[in-house]
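Working notes for the structure below.
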Amino acid sequence: GLEALKTIVEQEGLVHGEQYFGMIMENFKLRNDKYRTAVEVAAQNSLFHVIVDTDSTAAKLMKRLEDGKLGRVTFLPLSQLRVDQVDYPDNQDVRPLLDTCLEYDTKVERAMRHVFAKKMVARSIDIAAEWSTKLSMDVITLDGDLCGRKGALTGGFVDVNKSRLNAYAKQIEAQDKLRTLQRDYQDMNRKA
């Protein structure tokens with residue numbers, strides 16, 4: 001669905017950065033690589049949700065995907081997202097994940113708040129467990145251990161070789177190299 005969406009966006013003439021913003025993971029940068037695991041655990045499959053400006057844009061894209069039987073995509077229309085104001089504690093033990101770990105454009109702030117606003121980062125699992133119940137928020141350690149706001153503890157070994165953010169970065173890098181090689185090939189073909 002995500003691959004087909006790129007073609008549909010071009011065909012529909014949607015403006016990237018105004019009507020169509022891409023996946024959540026395309027719209028932020030990590031402040032430091034040490035936050036990669038925590039951000040992936042916090043976002044989970046929301047990394048692949050697609051940000052658009054309005055619900056009519058989302059409906060248009062969904063209709064095209066459905067008509068062509070091209071797959072399913074979850075859209076986050078900025079005009080429809082309602083994000084509550086969150087009061088974060090002023091404490092060195094826990095920090096807001098959104099402010100601590102991510103850099104993003106203010107145009108997509110609503111979507112980022114929708115996914116990450118009720119997530120905190122803690123230094124250890126003990127601190128995370130303590131604060132998750134106090135704040136009624138999910139608290140994640142840098143190792144990817146998650147203390148849910150409802151009391152669940154999730155964690156264990158995280159294989160960094162299967163990182164979605166790393167895989168996406170490598171894909172972008174490979175696409176850039178491919179474009180460069182294609183240009184070089186065309187230049188050499190012309191000269192030949």
Side-chain angles (χ1 to χ4, degrees), residues 1-12 14-53 57-58 61-62 64-65 68-76 78 95-117 119-123 138 140-146 154-189:
L2 292 169
E3 280 301 314
L5 196 59
K6 292 176 185 175
T7 307
I8 294 169
V9 166
E10 284 180 24
Q11 291 170 351
E12 291 289 332
L14 298 178
V15 180
H16 200 292
E18 287 182 31
Q19 295 169 299
Y20 175 82
F21 298 91
M23 293 182 290
I24 288 280
M25 78 167 90
E26 294 174 328
N27 285 284
F28 68 78
K29 288 183 180 163
L30 295 172
R31 292 184 189 269
N32 190 320
D33 271 350
K34 70 181 180 181
Y35 299 127
R36 182 177 314 280
T37 303
V39 169
E40 281 192 39
V41 168
Q44 297 175 0
N45 286 333
S46 296
L47 289 172
F48 299 104
H49 292 1
V50 175
I51 305 169
V52 293
D53 61 344
T57 303
L61 294 172
M62 280 194 315
R64 290 285 306 272
L65 286 168
K69 295 183 180 178
L70 300 170
R72 296 177 57 90
V73 175
T74 302
F75 291 97
L76 296 175
L78 294 172
R95 310 297 286 151
L97 185 138
L98 191 62
D99 301 335
T100 307
C101 305
L102 306 176
E103 293 176 4
Y104 54 91
D105 189 343
T106 55
K107 287 182 182 179
V108 295
E109 184 169 5
R110 273 189 174 182
M112 293 299 162
R113 289 206 169 280
H114 177 75
V115 174
F116 295 109
K119 315 277 188 199
M120 303 287 285
V121 178
R123 288 179 289 151
D138 294 342
I140 300 114
T141 66
L142 295 180
D143 295 330
D145 298 322
L146 172 89
T154 309
F157 175 72
V158 177
D159 189 355
V160 293
N161 294 325
K162 293 183 179 179
S163 166
R164 295 169 180 174
L165 294 175
N166 276 346
Y168 178 71
K170 287 178 183 176
Q171 179 186 7
I172 295 300
E173 185 181 324
Q175 287 172 343
D176 289 343
K177 285 181 183 177
L178 177 63
R179 278 191 285 277
T180 303
L181 290 171
Q182 285 173 333
R183 275 195 305 270
D184 292 348
Y185 173 74
Q186 290 170 351
D187 289 346
M188 288 180 196
N189 231 3

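Predicted, not measured: the structure shown is a model, and the values here were computed from it.
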(message) For a side-chain contact (heavy atoms from CB on, under 4.5 Å) check, start with the C-alpha distance between F75 and L5, then their side-chain angles and the critical distance, and finish with the verdict.
(response) CA-CA 11 Å; F75 291 97; L5 196 59; 4.0 Å; yes
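- Proximity of L97 to Y35: side-chain heavy atoms (C-beta onward) are nowhere separated by under 4.5 Å.
- Proximity of I24 to Y104: side-chain heavy atoms (C-beta onward) are nowhere separated by under 4.5 Å.
- By the 4.5 Å heavy-atom criterion applied to side chains, L78 and V52 are not counted as neighbours.
- For the atom pair L98 CG and H114 NE2, the distance stands at 13.0 Å (nearest 0.5 Å).
- Remark: side-chain polar atoms of N27 are not paired, donor with acceptor, to backbone N or O of V108 under 3.5 angstrom.
- Partners of Y20 according to the ring-ring contact (aromatic ring centres under 6.0 Å, His included) rule, which considers only residues two or more places apart in sequence or in another chain, are H16.
- For D138, the salt bridge (charged side-chain N to carboxylate O under 4.0 Å, His left out) criterion is met by K119, not counting sequence neighbours.
- For the pair L65 and G71, the tightest heavy-atom approach, listed with the atom from each and the gap, is CB-O, 3.9 Å.
- For N166, the side chain to side chain donor-acceptor pair (under 3.5 Å) test picks out R36, with sequence neighbours left out.
- Between L61 and L14 there is a side-chain heavy-atom pair separated by less than 4.5 Å.
- Remark: R31 engages no residue in a side chain to side chain donor-acceptor pair (under 3.5 Å) (not counting sequence neighbours).
- In terms of the salt bridge (charged side-chain N to carboxylate O under 4.0 Å, His left out) criterion, R72 has no residue partners (sequence neighbours excluded).
- Residue-environment remark: CD (E3) stays at or below the threshold of 12 foreign heavy atoms within 6.0 Å.
- Looking at L165 and F28, their side chains come closer than 4.5 Å, going by heavy atoms from C-beta outward.
- Sorted by first and then second residue, the pairs that involve residues 37-49 and meet side-chain hydrogen bond (donor to acceptor under 3.5 Å, both in side chains), not counting sequence neighbours, are E40-S163, N45-R164.
- Legend: residues meeting side chain to side chain donor-acceptor pair (under 3.5 Å) with Y168, ordered by chain and number and at least two apart, are E26.
- Residues satisfying the salt bridge (charged side-chain N to carboxylate O under 4.0 Å, His left out) test with E109, not counting sequence neighbours, are R113.
- Within a 6.0 Å radius of CD in E12, more than 12 heavy atoms belonging to other residues, nucleotides or ligands are found.
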Can you give the donor-acceptor pairs under 3.5 Å from side chains of residues 174-182 to other protein atoms, not counting sequence neighbours?
unit_1	atom_1	unit_2	atom_2	d
D176	OD1	R179	NH2	2.7
T180	OG1	D176	O	3.0

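- In this structure, the side chain of D105 engages the main chain of K107 through a donor-acceptor pair within 3.5 Å.
- For A169, there are no side-chain contact (heavy atoms from CB on, under 4.5 Å) partners, not counting sequence neighbours.
- Not counting sequence neighbours, the partners of D187 by the side chain to side chain donor-acceptor pair (under 3.5 Å) test are R190.
- Take E18 and apply the salt bridge (charged side-chain N to carboxylate O under 4.0 Å, His left out) test, not counting sequence neighbours, and it matches no residue.
- Considering every non-hydrogen atom in both G1 and V73, the closest pair reads C-CG2, 3.7 Å.
- Here the side chain of Q19 pairs a donor or acceptor atom with the backbone of V15 at under 3.5 angstrom.
- Separating the CG atom in D145 from the CD1 atom in I140 is a distance of 10.5 Å, to the nearest 0.5 Å.
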